[in-house]
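All values reported here derive from a predicted model rather than from experimental measurement. Residue numbers start from 1 in every chain, and the chains themselves are labelled A, B, ... in the order their sequence lines are given, proteins ahead of strands.
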2 protein chains.
Amino acid sequence: MSQPDTSLRARKRRAVKGDLTLAAIDLFITNGYDETTVEKIAAAVGMSERTFFRYFATKDDVLEQLSAYWRDLAARTFAERPADESDWVSIRRCFDDFVESTRRDDFALPLLRLIYATPQLYGRHMHNVRRWRQMFEGVLRTRHPQAPDLAIRVKAASAMACMECAREAWVATDGERPIADLIDAAMSEVWPLV
Amino acid sequence: MSQPDTSLRARKRRAVKGDLTLAAIDLFITNGYDETTVEKIAAAVGMSERTFFRYFATKDDVLEQLSAYWRDLAARTFAERPADESDWVSIRRCFDDFVESTRRDDFALPLLRLIYATPQLYGRHMHNVRRWRQMFEGVLRTRHPQAPDLAIRVKAASAMACMECAREAWVATDGERPIADLIDAAMSEVWPLV
DNA sequence: TCAAACTTGTCAGTGACTGACGCGACGAAG
DNA sequence: CTTCGTCGCGTCAGTCACTGACAAGTTTGA
C-alpha cells in the first residue's frame, strides 16, 4: 500500500483478488451469505476453492478488502486536514469518501442490509469498525501527544458509534435520507460540528 | 425468563445449559477458543457433541448465555430508576451489576482478554453489545415517546461505546484500575454524569 | 537460459453444524 | 400397574469452512 508493487505478478494478484471480491459480494447479495459456498465464489471467476483461501483467510474476509480501502483513504484525509480544525470536524470529513461511494456504488445499500441481517457478517463488520477506531486513535494521538488515553479512545469510539447509527438508520429507512445528513445529525448529537 | 418454568424438565434443562456454559468458558480460557472443540466441551460434562448443539446454536453462542443474564438485569434496573433522573446517569447505573460481577467472578478479566484477542468471539461479543444497545433504545423510547429516533439511537450507542472503551482499557491495563472508575471517566467525556 | 520463487489444482483430513433415526426415561390416562 | 405419548439423548451420515502436503506449470532475475 505504501509501496505499490507494479510487477506483473503483483498486479495480477490484485486483479484476481478484486475479481473474487466483486464476485463474492454479488453472490452474497443475490443468494444470501450462507447459501453462497466458497466453491461457488471460486467457480464464478474460474478458480478452485483452494485458491480462494490463498487470497482470503476466511469467507467473510472478503469484506476486509473493501473496508481497508476506505480506511486508508480516511487516514490520508485526516492527515491533510488543517491542524487548527477541531477533531470532530476532521473526523467527520474522513467519512466523506465513504459517503461518496454510497452514491456511486449501487451495491452499498443491499450490502449493508445483508451485513446487518447476517450475524457472521455483522461480526466481521464490527471487527472492521474496530480497526477504523484504532486508526482514528492513532491519528488523534499524533495530534494530541499529551492527551489522556481514555479521552482519545472515547472520541474515536464515539465517532464510530455515530457512523454506525447513521448507517443503521440509513438502512432502516431504505436509503431515503442521504447518509451524509444522517452522519451530520448523529455527530451533532454528541458534540457540535464546528 | 418472564415466566420461569419450574417443571423438573425445565430446571434440568437450565442446569445442563449452565454446566455446559461454565465448562465451555473454562476450556476457552485455559486452552484457547480454536483449540477447544465442541466435542471436548461436551465430554467435560459427559454428553455427546450432538447434545451441545441442542442447547446452543453455535459454539460461540455460549457467550449469549452470560450476556443475556446481565442484560435482563440492566433492563430491570433502568425501569426502577427515578423518572426525573437524567438518562445518562440511569444508563450508568445499569452497568453496576456487570461491574459487580467483575469483582466477584475471577474469570471476567481472562474471558474479556480472550474475547478481544479472538476474532470470532469478538464478533459475537459485538452482536451482544448491539442487543444491549437495542435494549437501551427500547427503554429510552418509553421514557421519551416524542424524541427523534436518531437522538435515542445515538444516546444508546454512545453509552455502549463508552462501556466498550472502559472494558478495553480495563483489559489493556490488566484490570489495575477498577472498571467502575473507567466507565465513569469514559462516560464523563461525552456528557456530564449528573 | 536456467534455477529459484511463486501460483494453482488435487487430495486427504479436521472441525462446526444439521437432519434422520432409534432408544430409553418419565409423566399422564386408563 | 400398564400403556401411550412426549422428550432428551446418542449414533450415524452428510455438508461446508478451512488447512497441509504434494505435484505441475509460470514468472522472475541473475
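Here B/Arg133 pairs with A/Glu168 in a salt bridge; the nearest charged N to carboxylate O distance falls below 4.0 Å.
The CG atom of A/Leu121 sits 14 Å away from the C1' atom of D/dA17 (whole-angstrom rounding). What separates CG of A/Leu20 from P of D/dA17 is a distance of 14 Å, to the nearest Å. Per the geometry, CZ belonging to A/Phe28 stands 12 Å off C1' belonging to D/dA17, to the nearest Å. Distance CG (A/Asp34) to C1' (C/dC17): 11 Å, rounded to an integer number of Å. In this structure, the CZ atom of B/Arg14 is 17 Å from the P atom of D/dC7, given to the nearest Å. Between B/Ile41 atom CD1 and C/dG15 atom P there is a gap of 13 Å when expressed in whole angstrom units. In this structure, A/Arg124 places its CZ atom 14 Å from C1' of D/dA17, rounding to the nearest Å. With rounding to whole Å, A/Gln120 atom CD is found 11 Å from C/dA16 atom C1'.
Residue A/Glu100 qualifies as enclosed at atom CD: its count of foreign heavy atoms under 6.0 Å is above 12. Around atom CD of A/Gln134, more than 12 heavy atoms belonging to other residues, nucleotides or ligands sit under 6.0 Å away.
Below 30°, between 30° and 60°, or above 60°: for A/Trp70 and A/Phe98 the angle between ring planes is above 60°, a perpendicular geometry.
Heavy-atom nearest nucleotides on DNA chain D were determined for A/Arg54 and for A/Tyr33, and the one closer to the 5' end corresponds to A/Tyr33.
Judged by the 6.0 Å and 45° rule, A/Lys59 forms no cation-pi pair with A/Phe52.
With D/dC9, C/dA20, C/dG9 as the choices, the nucleotide that has an atom nearest any side-chain atom of B/Arg50 turns out to be C/dA20. Among the nucleotides C/dG9, D/dA17, D/dC9, the one closest to any side-chain atom of B/Val16 is D/dC9. Among D/dA17, C/dC21, C/dA16, the nucleotide with an atom closest to any side-chain atom of A/Phe53 is D/dA17. Candidate nucleotides C/dG9, C/dA16, D/dC16 were compared by shortest atom distance to the side chain of A/Ser48, and C/dG9 ranks first.
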Extract from the structure each pairing of a protein N or O with an N or O of nucleotides 25-28 of chain C at less than 3.5 Å, listing the distance.
none

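Taking CZ of A/Arg92 as the start and OG1 of A/Thr77 as the end, the distance is 11.5 Å to the nearest 0.5 Å. A/Ser188 contributes atom OG, which lies 9.5 Å from atom CG of B/Leu150 (distance to the nearest 0.5 angstrom). To the nearest 0.5 Å, atom CG of residue B/Leu66 and atom CZ of residue B/Arg71 are 11.5 Å apart.
A/Arg13 comes within 4.0 angstrom of the backbone, heavy atoms only, and of no base. A/Glu39 comes within contact range of no nucleotide atom at all, as no heavy-atom separation falls under 4.0 Å. When heavy atoms are screened at a 4.0 angstrom cut-off, A/Phe52 is found touching no nucleic acid atom at all. Contacts of B/Tyr55 with the nucleic acid, taken as non-hydrogen atoms under 4.0 Å apart, involve only primed sugar atoms and P, OP1 or OP2.
Contacts between residues 57-64 of chain A and DNA chain D, counted as heavy-atom distances below 4.0 Å, involve A/Ala57, A/Thr58, A/Lys59.
A ring pair (Phe, Tyr, Trp, His ring centres under 6.0 Å) with B/Trp88 is found for exactly one of B/Phe95, B/Trp191, B/Phe136, B/Phe78, namely B/Trp191.
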For this session: Evaluate the side-chain hydrogen bond (donor to acceptor under 3.5 Å, both in side chains) criterion for residues A/Arg124 and A/Ser67: first the C-alpha distance (whole Å), next the side-chain angles of each, then the deciding distance (0.1 Å), finally the verdict.
Result: CA-CA 10 Å; A/Arg124 163 57 63 156; A/Ser67 178; over 6 Å; no
